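For clarity, every value in this text was computed on a predicted model and none was experimentally measured.
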Amino acid sequence: MKRTYVRPTMVGERFVANEYVAACGDTEYGKYKFICDAGGGKKGDVYEETNGQDGLQRDDKCLTPGVRRYYHSCNVTHYADTNDEFLEGYYVPFRGSAQKVIIWTDHGRDVHCTTNLNRDSWETTKS
């Protein structure tokens with residue numbers, strides 16, 4: 001059987017988008033800029049307000065349970081996505097009274113709290 005030469009050919013296809021996707025606009029998420037400052041570096045516990053009552057209650061959820069796990073402010077400026085979950089809660093220093101805070105858990109990794117309760121006043125950046 002004799003083989004015959006077939007000349008190579010190149011077939012090109014043109015990409016045509018079938019859907020419009022905006023690169024900027026309302027779908028773009030920004031970042032909140034806030035300082036983790038609750039307690040000023042003193043050790044304590046952080047509680048998520050889970051019962052809808054004003055003031056720390058016995059059934060509020062402790063986010064820093066245990067003897068070796070506690071909260072102290074890192075005094076670092078954090079950038080959190082505006083669509084991240086922010087919790088209302090309380091910082092309670094060891095031997096002290098409760099202070100209302102806004103809690104950001106860095107997607108469940110660490111607990112960060114700010115005493116600036118007015119999120120509308122937080123600086124925002126576009127991502």
> Where do Ala38 and Thr115 come nearest, in terms of heavy atoms and distance?
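In terms of heavy atoms, the two residues are closest at CA-CG2, 3.8 Å.
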> For residues Cys74 and His112, report the shortest heavy-atom separation together with the two atoms involved.
SG-ND1, 3.8 Å
> With clusters built from Ile, Leu, Val, Met, Phe, Trp and Tyr whose side-chain heavy atoms come within less than 4.5 Å, directly or transitively, what are the remaining members of the cluster of Leu117, listed by chain and number?
Tyr32, Phe34, Phe86, Ile102, Trp104, Trp122
> Considering residues at least two apart in sequence or located in another chain, which fulfil the salt bridge (Lys or Arg N to Asp or Glu O under 4.0 Å) criterion with Glu123?
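With sequence neighbours excluded, Glu123 shows a salt bridge (Lys or Arg N to Asp or Glu O under 4.0 Å) to Lys33, given in chain and number order.
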> Suppose we screen for ring-ring contact (aromatic ring centres under 6.0 Å, His included). Which residues come up paired with Tyr71, at least two apart in sequence or across chains?
Tyr91
> Going by side-chain hydrogen bond (donor to acceptor under 3.5 Å, both in side chains), name the residues that satisfy it together with Ser121, two or more places apart in sequence or in a different chain.
Asn116
> In this structure, would Val101 and Leu87 fall into the same cluster of hydrophobic residues linked by side-chain contacts under 4.5 Å?
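Linked, Val101 and Leu87 end up in one cluster.
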> So which residues get pulled into Val76's cluster when ILVMFWY side chains under 4.5 Å apart are joined, directly or through others?
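Members alongside Val76: none; it stands by itself.
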> side-chain hydrogen bond (donor to acceptor under 3.5 Å, both in side chains): which pairs involve residues 92-102, sequence neighbours left out?
none
> Is there any ring-ring contact (aromatic ring centres under 6.0 Å, His included) pair reaching into residues 35-63, and which pairs are they, with sequence neighbours excluded?
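For residues 35-63, and leaving out neighbouring residues, there are no ring-ring contact (aromatic ring centres under 6.0 Å, His included) pairs at all.
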> Going by the rule side chain to side chain contact (heavy atoms under 4.5 Å, CB included), which residues pair with Arg3 if we only count those two or more places apart in sequence or in a different chain?
none
> Who pairs with Thr64 by side-chain hydrogen bond (donor to acceptor under 3.5 Å, both in side chains), at least two apart in sequence or on another chain?
Asp45
> Show every donor-acceptor pair shorter than 3.5 Å between a side-chain atom in residues 55-63 and any protein atom, with sequence neighbours excluded, or say none if there are none.
from: Gln57; atom 1: NE2; to: Gly55; atom 2: O; distance (Å): 3.3
from: Asp59; atom 1: OD1; to: Asn51; atom 2: ND2; distance (Å): 2.7
from: Asp60; atom 1: OD1; to: Thr50; atom 2: N; distance (Å): 3.1
from: Asp60; atom 1: OD1; to: Asn51; atom 2: ND2; distance (Å): 3.2
from: Asp60; atom 1: OD2; to: Gln57; atom 2: N; distance (Å): 2.9

> Please go through Tyr79's hydrophobic cluster and name the other residues, only I, L, V, M, F, W, Y counting, with side-chain heavy atoms under 4.5 Å joining them.
none
> Return the set of residues passing side chain to side chain contact (heavy atoms under 4.5 Å, CB included) with Asn75 (not counting sequence neighbours), or none when no residue passes.
Asp37, Ser73
> Does Glu85 form a side chain to side chain contact (heavy atoms under 4.5 Å, CB included) with Thr105? I'd like the steps, not just the answer.
CA-CA 8 Å; Glu85 182 178 31; Thr105 62; 5.9 Å; no
